[in-house]
Each structure stands twice: as structure tokens, then as C-alpha cells.
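Since this is a predicted model, take the numbers as computed values, not measurements.
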Amino acid sequence: MAQQQVKLGQPVNRRLGDLLVADGLLTAEQLKKALAEQKGSPEKLGSILVRLNLVNEDQLIGFLSRQYGVPSITLGQLDIDSDVLKLVPAPIARKYEVIPVRRMGNSLALAMADPTNVFALDDISFMTNLQVLPLVASQTSIKKAIDRNYESKTEAISSVLSDMQTDLANVEVVDEGEEGAKVDVFELKESADEAPVVKLVNMVLVDAIQKGASDIHFESYEKIFRIRFRMDGVLHEMLAPPKRLEAAILSRLKIMSNLDIAERRLPQDGRIKLRYSNREIDFRVSTLPTIFGEKAVLRILDKESLKLDLTQLGFDDWSLDKFNAAIHQPYGMVLITGPTGSGKTTTLYSGIHTINSPDVNIMTAEDPVEYNLKGVNQVQINEHVGRTFAAALRSFLRQDPDVILVGETRDLETAQISIRAALTGHLVFSTLHTNDCPSTIARLLDMGIPPFLVASSLLLVLAQRLGRKVCKQCREPYDADEESLVTYGHVPTGKGKIQFYKGKGCAACNFTGMKGRIAIYEVMPISEELRDAILKNAPTAEIRTIAQAAGMKSLRQAGLAKVIEGTTTIEEVLRVTLS
């Protein structure tokens with residue numbers, strides 16, 4: 001490759017200056033002036049010489065070509081194919097001061113200000129899976145070409161807005177007629193009439209829906225205002241609107257969610273219902289005062305993206321059989337544990353959906369009600385008016401229920417009522433915040449539930465996490481050995497040499513190599529042996545040993561099984577599970 005001719009480790013600027021002086025195109029005094037100008041500046045010497053009119057750009061490119069031993073290119077008004085531009089994202093192009101020019105089979109011609117930058121060459125070669133052929137161009141012309149060919153953030157907003165005019169016409173905020181809206185009607189209309197802000201907010205909401213984001217963060221800092229999307233559990237910065245639009249954007253969000261736009265000292269919670277292209281999407285809105293303004297977070301609840309098929313969630317055969325058997329019992333308690341955002345609600349709803357039929361009365365108490373389930377009586381918890389989980393549960397028992405879902409077991413009273421309901425002929429589903437299945441028993445006992453009630457009522461405990469999947473568009477296999485997973489807690493099955501997969505990074509996965517998520521489950525059915533251990537108040541370690549002897553896979557083991565299947569990576573499993 002051409003870059004192998006480059007001699008690294010030499011003072012590039014001095015060589016360029018000396019060459020120009022030696023050729024008589026630059027005096028020693030002019031070189032001294034240019035070098036003085038360069039001190040403390042990231043600007044390259046060549047760009048400074050052109051800016052000071054000491055040499056012209058054509059002369060400079062000729063010298064650079066000679067210096068580096070690679071061909072030169074004059075970018076000028078060169079029209080670059082959009083498919084070629086997509087190979088190198090704008091942030092990478094700006095970071096390394098490069099621009100892709102042309103693709104020729106397995107090679108990519110890349111204009112560079114510094115062809116000796118082996119990090120840029122290696123990164124782009126790995127990212128594109130192409131052989132990079134460097135071409136030299138001036139720093140100034142590359143910057144202009146990047147600005148011309150890649151849209152800046154401001155231009156991106158305008159472009160997306162113009163491209164989405166037809167889509168945005170189909171976006172409508174649904175007025176639910178909620179009581180307690182404190183904003184005057186005329187004030188609402190005046191704020192809503194700010195067309196650029198309305199379009200920008202609508203564009204952000206629609207873009208988040210299309211990208212499959214789960215949350216949108218509007219964040220205020222001292223000098224900047226930024227918008228981030230959480231995609232597949234990881235935050236990505238998407239936009240940085242001008243700081244002056246901050247107040248208008250946050251006010252628009254408050255108006256849409258029926259919050260008090262004059263109140264900036266207290267946290268507020270609301271909800272936006274958006275109708276977009278015949279789809280109704282709910283956004284749960286939370287605002288929080290910070291030292292430099294307000295932060296707003298929108299949780300996206302897209303009914304159409306909700307998977308209610310248990311077989312599609314990520315269960316292995318043994319775990320699915322045990323979970324299915326538990327949810328089809330006439331009475332007892334099924335507990336699902338995991339941190340916020342681990343997919344507990346989806347698993348609960350899938351279980352409810354599986355057993356939902358016209359001859360079953362299902363009642364749920366949730367805070368908030370995230371999705372509306374057909375044929376299910378759902379109650380929204382509102383602690384301000386005394387409609388707590390415990391109060392709702394007491395009312396449920398007078399409503400002749402067959403199945404009860406308690407959104408979260410937060411306190412002893414709720415836990416006691418749930419367990420007594422499970423013992424009196426009701427199937428009860430609930431969630432709890434613990435790290436894994438065995439520690440859930442300890443948590444219930446710690447809350448004050450007697451061991452005999454826990455042993456008598458519990459049918460099954462399920463712990464879960466969400467891990468990112470390897471991107472199907474850019475995944476690549478690599479040879480490995482099952483034994484290499486033993487150090488992480490895997491129990492070998494004798495497969496020996498196998499193929500693992502890793503994402504190379506592409507536009508589809510935002511160059512992360514990961515796209516989409518899969519649930520990792522730990523399922524612990526309560527056997528007679530476990531009931532005896534609970535009655536004896538056995539330690540968590542003993543409960544874990546008994547459960548694993550009966551077939552339970554820990555979260556880490558279940559995650560490593562997904563690695564062997566080629567669904568995710570070792571790094572991702574280590575990120576979301578404990579050893």
C-alpha cells in the first residue's frame with residue numbers, strides 16, 4: 001500500500017517548510033512567521049501558509065504529494081457519491097480530517113490532510129472492511145469538502161424537517177381532556193404557534209420512534225443544550241439545538257403533556273399521547289430542575305413494538321416450560337425481579353396475554369399503566385388521592401378476580417395482601433427489585449413476611465436482564481473454544497471449537513456493532529426441597545445450590561449460552577450480569 005512509503009517519526013512541519021524554502025517558494029523569514037502563527041494552534045502549517053497567502057493551494061498539494069510519496073487530489077467542487085460518504089460517518093471524517101472520494105472494488109480512495117496518521121488508516125480500514133488508498137489534500141480543502149458533503153447539525157435539522165414534512169403532517173397530539181391543566185388556553189395557543197419549535201420537537205419525537213429509542217433526554221448545561229436517545233439500553237447524543245431554544249423546547253414539552261409551564265422549581269410528571277401515521281404512541285414525561293435549567297426525560301411506550309409472544313422473548317426451553325407451567329396454575333404467586341429497564345413489564349404482560357381469555361377475570365394495579373391490554377381491567381395507581389397498591393389490592397379482592405397483577409411490591413402491606421391473595425385461590429403476578437432469584441427469598445423475609453407464607457405461596461421466581469444483540473447486518477464470525485467461557489462461569493457441554501460473533505460496525509447499528517436487545521432469564525421454580533429450605537430460613541447460598549441442582553441457570557450462565565448461540569457477545573454479558 002502507498003502509505004508504507006511514508007517515513008514516520010520525522011518532524012513533518014519542518015520538512016515541509018524546509019522543502020518550500022529550498023525550492024525558493026518561501027523565504028526563511030516567511031517560514032519563521034508561519035511557524036510562530038502555528039504555535040498553540042491545531043491548524044497545520046500548510047493551511048497557515050495558504051491562509052497567509054505565502055503559497056497557493058496547488059503548490060502546497062504538489063509539495064505534500066512529494067513529501068509523503070502518495071498521489072494528490074484537488075477536491076474543489078468534487079461531487080462525491082452518497083453511498084461512498086456513508087462508508088465514513090461525518091464525526092469520523094471530522095475527527096481524522098479525511099473524506100472518502102471513491103470506492104473501487106475492495107479499495108477506498110481517501111483524501112487525507114496527513115497520510116501518516118496510521119490510526120485513521122487502521123480505524124477506517126477496520127470500519128469499512130476495505131483497503132484504504134490515501135490521497136493527499138490540504139487541510140483547508142478537506143474541511144471545506146466535509147462541510148459541503150456532510151451536513152452540519154444545523155443543516156441536518158433543516159434537512160430532516162424538510163424531508164419529514166409529509167410525516168410531520170401526520171403527527172397529532174391527542175388531547176385526553178385530563179383535569180388539572182394549569183396553562184391558560186390563550187397561552188397554550190401562543191406557545192404552540194411557534195412553528196420552528198413545534199416542528200423541531202415533533203421531528204425529535206418521530207425520529208426517536210423511527211430509531212426504536214426507549215427514552216429521550218433533553219438536558220440543560222451551562223453553555224449547551226443537548227438531546228440524547230437511549231437505544232438498546234445505551235445513550236447516544238443525537239442533537240445539540242442552540243441554547244437559546246432551550247426554554248421554548250421545554251415549554252413545548254410541558255404544554256404537550258399538560259404540565260405547568262410556569263413551574264420550574266419542582267419536578268413534574270405528565271404524559272403525551274401522539275398519533276403518528278395511524279399509530280398511537282404514549283410518552284411518559286418527567287421534568288426535573290437542575291442547576292442550569294430543567295432536564296426532561298420522555299419514556300416511549302410504543303404498543304406496536306410490544307412483543308407478547310413468550311417464545312420470542314429469549315427463554316431457553318427448560319425455563320420456558322417452567323414459566324409456562326407456573327402461569328397456568330390456578331393460584332399461587334409468580335415474582336419477576338430485575339432493575340428498572342430490564343424488561344419486567346414486557347415479561348409480565350406476555351404472561352398475562354398468554355392466559356388471557358373471556359372466562360378469566362384479570363385485574364392489574366400499575367404505576368404507571370404502560371400499555372393497554374385488551375380484556376384486562378387495569379388500574380392506575382395515584383398515591384396523591386390514596387389509591388396505593390395496597391388500597392387497590394384490597395378493592396380487587398372484592399371484585400371477584402382470577403388473576404391479579406401488582407406492578408411493584410414496594411412495602412410490607414402490599415406484600416402481605418399479595419401473598420394472602422395467592423393463598424386464597426388467586427394467581428398473583430408481581431415485581432420486586434433484587435439482583436437474582438435466590439436473593440428474592442431473602443428480600444421477602446427481610447420485609448417481614450413469615451417463612452411459612454413465602455414457602456406456601458410462591459410458585460416461581462424469575463430474574464432478568466436485557467443485553468444487546470450482535471448487529472445482523474455487520475456481524476462477523478470468529479473461531480473460539482467453549483472452554484474459554486469456563487472462567488466466566490460457563491458449564492461446558494463438550495462442544496469444543498465453536499464460532500462466536502462480533503459486530504464490525506455499520507450505519508444500521510450506528511457503528512456500535514450491536515442492534516436490538518434480547519432478554520437473559522434466570523428461572524427458579526419453587527420445588528418441595530426449596531420450600532423446606534425456605535421454611536428452615538436457609539441462607540441464600542444454600543437456596544442457590546438447591547435451585548441450580550434442580551436445573552436453574554444463573555443469569556451469567558444464561559447469558560453465556562446466548563454467546564454460544566451467536567446472539568450476543570461476551571463483553572455484553574459481562575456488562576449486564578454479575579459473576
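- Taking CG from D123 and CG from N117, the interatomic distance works out to 8.5 Å, rounded to the nearest 0.5 Å.
- A donor-acceptor pair under 3.5 Å is formed between the side chain of Q329 and the backbone N or O of A325.
- Checking side-chain atoms of Q380 against main-chain N and O of V369 turns up a donor-acceptor pair under 3.5 Å.
- Remark: H426 NE2 to I404 CD1 distance equals 5.0 Å, nearest 0.5 Å.
- Nearest heavy-atom pair, R420 versus T424, reported as atom, atom and distance to 0.1 Å: O-OG1, 2.9 Å.
- Side-chain atoms of T414 never come within 3.5 Å of backbone atoms of R410 as a donor-acceptor pair (strictly under, hydrogens ignored).
- More than 12 heavy atoms of other residues, nucleotides or ligands lie within 6.0 Å of CZ in R575, so this atom counts as buried by the packing criterion.
- Annotation: side chain of F218 is not in contact with side chain of V297 (no heavy-atom distance under 4.5 Å).
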TODO: Would you check, one step at a time, whether the test side chain to side chain contact (heavy atoms under 4.5 Å, CB included) holds for L555 with V576?
DONE: CA-CA 9 Å; L555 282 165; V576 299; over 6 Å; no
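- Using a distance-only test at 3.5 Å, with no hydrogens or angles considered, no donor-acceptor pair links the side chain of H353 to the main chain of Y349.
- Between D479 and K497 there is no salt bridge, since no side-chain N of the basic residue sits under 4.0 Å from a carboxylate O of the acidic one.
- Using a 4.0 Å cut-off between a side-chain N of Lys or Arg and a carboxylate O of Asp or Glu, K502 and E476 do not qualify as a salt bridge.
- A side-chain contact (heavy atoms from CB on, under 4.5 Å) with V403 is found for one member of N361, N356, V428, I352 and no other, namely I352.
- Of all heavy-atom pairs between I520 and G559, the closest is CG2-N, 3.5 Å.
- Annotation: side chain of K504 is in contact with side chain of N129 (closest heavy-atom distance under 4.5 Å).
- Between E219 and K295 there is a salt bridge, since at least one side-chain N of the basic residue sits less than 4.0 Å from a carboxylate O of the acidic one.
- Remark: of the listed residues T337, D436, T347, T347 is the sole one forming a side chain to side chain donor-acceptor pair (under 3.5 Å) with Q464.
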Open item on the list: Does I272 form a side chain to side chain contact (heavy atoms under 4.5 Å, CB included) with D282? I'd like the steps, not just the answer.
Closed with: CA-CA 6 Å; I272 298 170; D282 282 348; over 6 Å; no
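- Interatomic distance, K322 NZ to L459 CG, rounded to the nearest 0.5 Å: 12.5 Å.
- Surrounding NZ of K553 are at most 12 heavy atoms belonging to other residues, nucleotides or ligands under 6.0 Å away.
- A distance of 11.5 Å separates CG of L110 from OH of Y96, quoted to the nearest 0.5 Å.
- In summary, the side chains of S418 and S430 do not present any donor paired with an acceptor at a separation below 3.5 Å, with no hydrogens or angles considered.
- Within the 4.5 Å cutoff, the side chain of S554 has heavy atoms near those of the Q548 side chain.
- What you find for I99 and I146 is that their closest heavy atoms are CD1-N, 4.0 Å.
- At least one side-chain heavy atom of E522 sits under 4.5 Å from a side-chain heavy atom of M552.
- Looking only at distances, no side-chain donor or acceptor of K562 sits under 3.5 Å from a matching main-chain atom of G467.
- Distance alone, capped at 3.5 Å, is enough to place a donor-acceptor pair between the R103 side chain and the G105 backbone.
- Neither side chain, Q557 nor H490, offers a donor N or O lying under 3.5 Å from an acceptor on the other.
- Residues L133 and M104 have side chains in contact (heavy-atom distance under 4.5 Å, counting atoms from C-beta outward).
- Panel note: side chain T431, backbone G407; a donor-acceptor pair is recorded below 3.5 Å.
- Between the side chain of T567 and the main chain of K469, no donor-acceptor pair closer than 3.5 Å is present.
- H433 and G338 get closest at one heavy-atom pair: ND1-O, 3.2 Å.
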TODO: Go through F283 and I209 one step at a time and tell me if the side chain to side chain contact (heavy atoms under 4.5 Å, CB included) criterion holds.
DONE: CA-CA 10 Å; F283 295 82; I209 294 165; 3.9 Å; yes
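- There is no side-chain donor-acceptor pair under 3.5 Å between S527 and E529.
- Atom-to-atom distance recorded for E565:CD and I498:CD1 is 10.5 Å, nearest 0.5 angstrom.
- Between M112 and P134, the closest side-chain pair of non-hydrogen atoms falls below 4.5 Å.
- Residues R556 and T577 have side chains that bring a donor and an acceptor to within less than 3.5 angstrom of each other.
- Judged purely by atom type and a 3.5 angstrom limit, T545 uses its side chain to pair as donor or acceptor with the backbone of A541.
- Between L445 and V454, some side-chain heavy-atom pair lies under the 4.5 Å cut-off.
- The main-chain N or O of V470 is never found under 3.5 Å from a side-chain atom of R475 such that the two would form a donor-acceptor pair.
- Atom NE2 in H217 sits 13.0 Å away from atom CE in M238 (nearest 0.5 Å).
- Between the side chains of Y221 and R226, at least one donor N or O sits under 3.5 Å from an acceptor N or O.
- Across every non-hydrogen atom of S484 and F500, the tightest pair is OG-CE1, 4.2 Å.
- A salt bridge between D232 and R468 is absent, with no side-chain N of the basic residue lying under 4.0 Å from a carboxylate O of the acidic one.
- Shown here is F119, whose CZ atom has no more than 12 heavy atoms of other residues, nucleotides or ligands within 6.0 Å.
- Remark: D207 engages K211 in a salt bridge, criterion side-chain N to carboxylate O under 4.0 Å.
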Task: Intermediate values then yes/no, side chain to side chain contact (heavy atoms under 4.5 Å, CB included), I526 and L460 - done: CA-CA 5 Å; I526 307 301; L460 177 138; 5.6 Å; no
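- In terms of heavy atoms, R465 sits closest to N435 at NH2-O, 2.8 Å.
- Counting only heavy atoms from C-beta outward, the side chains of L130 and S107 never approach each other to under 4.5 Å.
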